[in-house]
Novice: 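Handing you a structure now.
Throughout, residue positions are numbered sequentially from 1 according to the sequence presented.
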Amino acid sequence: MAPERSPIRIVVLISGSGSNLQAIMDSCQRNEINGEICAVISNKANAYGLQRAQLADIDTQVLSHKDFDSREAYDQRLAQLIDSYNPDLVVLAGFMRILTADLVQKFKGKMLNIHPSLLPKYQGLNTHQRAIDAKETFHGASVHFVTEELDGGPVIVQAKVPILADDTAHTLSQRVHEQEHIIYPLVVKWFSEHRLTMEADYAVFDNQPLPAQGAPYPEE
C-alpha cells in the first residue's frame, strides 16, 4: 500500500471577486484536494476574494502594484512574499497582472492559470465578445501551466460551451464561469495527487503527455 502523501501547500493570487478561489476552497473543504490554501495574495485591497479567504480563516496579504515603480520591483517582492509560505503550488485565480520572466521561472512547473477561452484562441482580454464577434460556435475555458508567453503555457484541461444565437458577452461569461468552477479545482486536485507535472513545454498526466489542447472536460 502506497504511503499517504502530505497535503500540498497552495498560495492563490487574485485581483477580484475570487469565484474560482471559492471553488478551490470548497474543494479543499470537501477533502477532494489533498492540500490547504495557506495564503491568498491580492494586488488590490478591495478584492472581494480577500473577504472570502478571511471568512475561511486563510491568511491574506495585499501587495499593491501602485507602491512599486517598476514591474520588476513588484514581482521581486511578490516572489519573496509567495516564497515565505513555502508553497508547492501557486494558483492564479483572476490575478490581473502580466508576470515577469524571473517570477515565472522561479515557480515554473508549479504555477497554474485559468483563461476564459479555448487556447490558443483569444489570448488576452475581452475573450467572450471576441468569440461572439468571430461567430464561433464554441467558447470555453482552459487551465494551463504558466510560462513566459502570456496565456501560452501547456494546456491541461479545456471545457467547451456552445455559443447561443442570443448570447451576449455577459451571458456567455456566466456559462464559462460555471465550467471554470469545475475544471480548476479538478486540476488542482490532480496536482495534489502528484498525477500532473510539466515537462519541458508540455503537460504530463498519469505519465502520459497531454495533447496541445489538454484533456477535454467532460471527457469526450
Side-chain angles (χ1 to χ4, degrees), residues 10-30 32-33 35 37 40-44 46-56 58 60 89-98 111-146 150-153 155-192 196 213-220:
I10 304 166
V11 169
V12 183
L13 274 54
I14 64 167
S15 295
S17 71
S19 63
N20 274 306
L21 164 66
Q22 187 69 59
I24 293 167
M25 285 166 47
D26 292 346
S27 193
C28 288
Q29 187 69 34
R30 293 191 296 264
E32 294 165 351
I33 292 170
I37 299 173
V40 173
I41 302 170
S42 177
N43 64 317
K44 295 185 177 180
N46 63 350
Y48 180 64
L50 293 170
Q51 294 182 45
R52 296 180 189 267
Q54 288 159 2
L55 286 170
I58 295 169
T60 60
L89 179 65
V90 180
V91 173
L92 307 182
F95 188 61
M96 303 304 288
R97 296 275 304 164
I98 296 174
M111 182 179 277
L112 299 173
N113 184 45
I114 191 160
H115 184 72
S117 79
L118 297 173
L119 291 172
K121 290 184 175 182
Y122 308 115
Q123 296 166 322
L125 302 175
N126 304 317
T127 63
H128 310 300
Q129 190 61 54
R130 287 160 65 196
I132 291 170
D133 291 346
K135 302 194 181 333
E136 298 277 7
T137 53
F138 284 95
H139 188 45
S142 308
V143 181
H144 64 95
F145 280 109
V146 176
L150 178 65
D151 302 325
V155 174
I156 302 159
V157 173
Q158 290 188 328
K160 280 185 182 180
V161 299
I163 297 180
L164 307 179
D166 58 350
D167 259 333
T168 63
H170 176 68
T171 59
L172 182 55
S173 72
Q174 287 183 310
R175 295 206 314 284
V176 170
H177 271 133
E178 289 173 5
Q179 295 302 312
E180 289 181 12
H181 300 160
I182 295 169
I183 63 173
Y184 215 178
L186 175 65
V187 170
V188 175
K189 174 179 184 289
W190 288 348
F191 193 95
S192 77
L196 177 67
Q213 279 73 45
Y217 182 87
E219 291 188 12
E220 294 175 350

Novice: Mind listing the closest non-hydrogen atom pair of Asn43 and Ser15 along with its distance?
Specialist: OD1-OG, 2.6 Å

Novice: Going from OG on Ser27 to NE2 on His181, what distance comes out if it is rounded to the nearest 0.5 angstrom?
Specialist: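 The OG atom of Ser27 sits 12.5 Å away from the NE2 atom of His181.
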
Novice: When you compare the side chain of Ile132 with that of Ile163, does any pair of heavy atoms fall below 4.5 Å?
Specialist: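 Ile163 reaches Ile132 side chain to side chain.
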
Novice: Among Lys121, Arg130, Lys160, which one satisfies salt bridge (Lys or Arg N to Asp or Glu O under 4.0 Å) with Glu136?
Specialist: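 The residue from Lys121, Arg130, Lys160 that satisfies salt bridge (Lys or Arg N to Asp or Glu O under 4.0 Å) with Glu136 turns out to be Lys121.
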
Novice: Side chains of Ile114 and Ile183: closer than 4.5 Å at any heavy-atom pair?
Specialist: yes

Novice: Heavy atoms only: give me the nearest Thr127-Pro116 pair and the separation to one decimal.
Specialist: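 Looking at all heavy atoms of both residues, the shortest contact is OG1-O, 2.6 Å.
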
Novice: Between Asp167 (side chain) and Leu164 (backbone), is there a donor-acceptor pair under 3.5 Å?
Specialist: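 Side chain of Asp167 to backbone of Leu164: a pair is present.
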
Novice: Is the closest side-chain heavy-atom distance between Val90 and Leu13 below 4.5 Å?
Specialist: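 When only atoms from C-beta onward are counted, Leu13 and Val90 do touch, with a gap below 4.5 Å.
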
Novice: Could you pull out the closest heavy-atom pair between Ser142 and Gln158, with the gap in Å?
Specialist: OG-NE2, 2.9 Å

Novice: Work out which heavy atom in Leu172 is nearest to a heavy atom in Pro162; give both atom names and the distance.
Specialist: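 That would be CD1-O, 4.3 Å.
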
Novice: If you measure from CD1 on Ile14 to CD1 on Ile41, what distance do you get to the nearest 0.5 Å?
Specialist: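 Here the rounded value is 10.0 Å.
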
Novice: Does some side-chain heavy atom of Gln123 sit less than 4.5 Å from a side-chain heavy atom of Leu150?
Specialist: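 The answer is no; the side chains never approach within 4.5 Å.
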
Novice: Excluding sequence neighbours, so at least two apart, what forms salt bridge (Lys or Arg N to Asp or Glu O under 4.0 Å) with Lys44?
Specialist: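 Scan of Lys44 (salt bridge (Lys or Arg N to Asp or Glu O under 4.0 Å), adjacent residues dropped) gives none.
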
Novice: Answer whether the closest heavy-atom distance between the side chains of Phe191 and Ile156 falls below 4.5 Å.
Specialist: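 No; the side chains remain at least 4.5 Å from each other.
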
Novice: Kindly compute the distance separating CD1 (Ile58) from CG (Leu21), expressed to the nearest 0.5 Å.
Specialist: 6.5 Å

Novice: Check the pair His139, Ser117 against side-chain hydrogen bond (donor to acceptor under 3.5 Å, both in side chains), reporting the backbone distance first and the verdict last.
Specialist: CA-CA 6 Å; His139 188 45; Ser117 79; 5.9 Å; no

Novice: Quick check: closest heavy atoms across Val40 and Ala53, and the distance to 0.1 Å?
Specialist: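 Heavy atoms only, the tightest pair is CG2-CB, 3.7 Å.
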
Novice: Give a yes or no on whether the ring-centroid distance for His144 and His115 is below 6.0 angstrom.
Specialist: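 Ring centres of His115 and His144 not closer than 6.0 Å.
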
Novice: Could you give me the CA-CA distance, side-chain angles and deciding distance for Leu196 and Phe145, then say whether side-chain contact (heavy atoms from CB on, under 4.5 Å) is met?
Specialist: CA-CA 10 Å; Leu196 177 67; Phe145 280 109; 3.9 Å; yes

Novice: How long is the straight-line distance from CE of Met25 back to CG of Leu55, given to the nearest 0.5 Å?
Specialist: 7.5 Å

Novice: Drop me the distance from Glu32's CD to Lys189's NZ, to the nearest 0.5 angstrom.
Specialist: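 One finds 7.5 Å between CD of Glu32 and NZ of Lys189.
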
Novice: Please give me the minimum heavy-atom distance between Ala159 and Gln179, naming the atom from each residue.
Specialist: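 Distance-wise, the nearest heavy atoms are CB-CB, 3.7 Å.
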
Novice: Other residues, nucleotides and ligands only: do more than 12 of their heavy atoms fall within 6.0 Å of CD on Gln54?
Specialist: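 Yes, because the 6.0 Å sphere around CD of Gln54 holds more than 12 heavy atoms from other groups.
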
Novice: Could you measure the distance from the OG atom of Ser19 to the CD1 atom of Ile24? Nearest 0.5 Å is fine.
Specialist: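 So the OG of Ser19 and the CD1 of Ile24 are separated by 10.0 Å.
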
Novice: For the pair Ile33 and Ile10, evaluate side-chain contact (heavy atoms from CB on, under 4.5 Å) and give the outcome as yes or no after the intermediate values.
Specialist: CA-CA 11 Å; Ile33 292 170; Ile10 304 166; 4.2 Å; yes

Novice: Measure from the side-chain N and O atoms of Tyr122 to the backbone N and O of Gln129, and report whether any donor-acceptor pair falls under 3.5 Å.
Specialist: no

Novice: Is the closest side-chain heavy-atom distance between Val143 and Val155 below 4.5 Å?
Specialist: no

Novice: Could you check Val12 against Phe95 for side-chain contact (heavy atoms from CB on, under 4.5 Å), going step by step and ending with a plain yes or no?
Specialist: CA-CA 9 Å; Val12 183; Phe95 188 61; over 6 Å; no

Novice: Are the side chains of Thr171 and His128 in touch, meaning some heavy atoms are under 4.5 Å apart?
Specialist: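 Side-chain contact under 4.5 Å: no.
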
Novice: Assess whether side-chain contact (heavy atoms from CB on, under 4.5 Å) is satisfied between Asp151 and Asn113, documenting all intermediate values.
Specialist: CA-CA 8 Å; Asp151 302 325; Asn113 184 45; 3.7 Å; yes

